[in-house]
2 protein chains.
Amino acid sequence: MKTKAAIDACCDTGSCAPVPSLPKGKRALSRSKGFDKELARLAKALAHPARVRIVQALMKVNACVCGDLVELLPLAQSTVSQHLKVLKLAGVVQGAVEGPKRCYCVNPAALNRLKELLSNL
Amino acid sequence: MKTKAAIDACCDTGSCAPVPSLPKGKRALSRSKGFDKELARLAKALAHPARVRIVQALMKVNACVCGDLVELLPLAQSTVSQHLKVLKLAGVVQGAVEGPKRCYCVNPAALNRLKELLSNL
DNA sequence: CCCGTTTATCGTAAATTTACGATGGAGAGA
DNA sequence: TCTCTCCATCGTAAATTTACGATAAACGGG
């Protein structure tokens, strides 16, 4: 009977529990109203390899990075700027003006928040 | 001079470092070739509120969940099935056949991997 | 063997994302 | 002031995502 084997392939408890009708007062965070939206929003910010690369580069130096991020990526300058905008809107990076250039750095709080939300899944 | 103030708003070190030309042998994980793609792929799986809700519900019971996930979400059955497919392809959930129903549960390894990648940013 | 239940897939439409070149604006220096 | 550099924004095209209803496929029960 392959049914049993298929179940084992899924998870160890052989039986199928009913859906828990969600908010059961188990953990405060995951009950909070915007939990799913907030996690999805932060995850979406990192849901593109180019944006991950940007955050990676920004983390590596713990200072601001002047704009030659474009040279890191096989993308046009306007595209990189657009990705930076996405990251800024999600609160993952912050930017400031330094002379004619821009200055970017990651906001550690946003990444910590993402980790926190993940831990409370 | 508002330039200085703007810098402070970005990060505490007042100066702007050059981009670090990425792979500098600092940490093995973040150097690995597919790091950005893998993180982006996992993040993308959670980049939609409905998929977060699904994972949430699947985590809450540590067993398989029979299919009435549809009742959790304000979405049509085919849409939920599509989101489940995305999660399965990303390796975040696993499914098995139980009689006429399907049986889903999360793959903790995938979520741990996501946390690991985030920690190595 | 048919039937009802459950879920995946197909076809499709709307919305969003991704990417590019072109343009514009802000600041530094001649 | 004029110009040059750096970057954001605009306009736009292609690709992807999201959502739905309709249909098909798998299974157990009668």
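Every chain is numbered from 1 and lettered A, B, ... according to where its sequence line falls, protein lines coming before strand lines. Just so it is clear, the values below take in all heavy atoms, side chains as well, and ignore hydrogens, waters and symmetry mates. None of the values given here were measured: they were computed from a predicted structure.
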Listed partners of [X] passing side chain to side chain contact (heavy atoms under 4.5 Å, CB included), at least two apart:
X	value
B:Lys85	B:Leu89
B:Ser78	B:Ala76
B:Lys115	A:Leu118, A:Ser119, B:Asn112
B:Lys88	B:Val93, B:Tyr104

For this session: Please identify each residue that fulfils side-chain hydrogen bond (donor to acceptor under 3.5 Å, both in side chains) with B:His48, with sequence neighbours left out.
Result: none
[N] [atom2] sits how many Å from [X] [atom1], rounded?
X	N	atom1	atom2	value
B:Leu87	D:dT18	CG	C1'	14 Å
B:Glu71	C:dT5	CD	P	14 Å
A:Leu75	C:dA19	CG	P	5 Å
B:Leu72	C:dT7	CG	C1'	16 Å
A:Leu84	D:dC7	CG	P	10 Å

Exercise. What is the per-nucleotide protein-contact pattern of nucleotides 9-15 of chain C, from the 5' end, where B denotes a base atom under 4.0 Å from a protein heavy atom, S denotes such proximity for sugar-phosphate atoms only, and - denotes neither?
Worked result: B------
[N], OP1 or OP2 - any side-chain N/O from [X] closer than 4.0 Å?
X	N	result
B:His83	D:dA19	yes
A:Arg102	C:dA26	no
A:Lys44	C:dT17	yes
B:His48	D:dA19	yes

Exercise. Which of these nucleotides, D:dT18, C:dT18, C:dG21, is closest to any side-chain atom of B:Arg51?
Worked result: D:dT18
Exercise. Okay, side chain of B:Arg51, backbone of B:Leu46: is any donor-acceptor separation there less than 3.5 Å?
Worked result: no
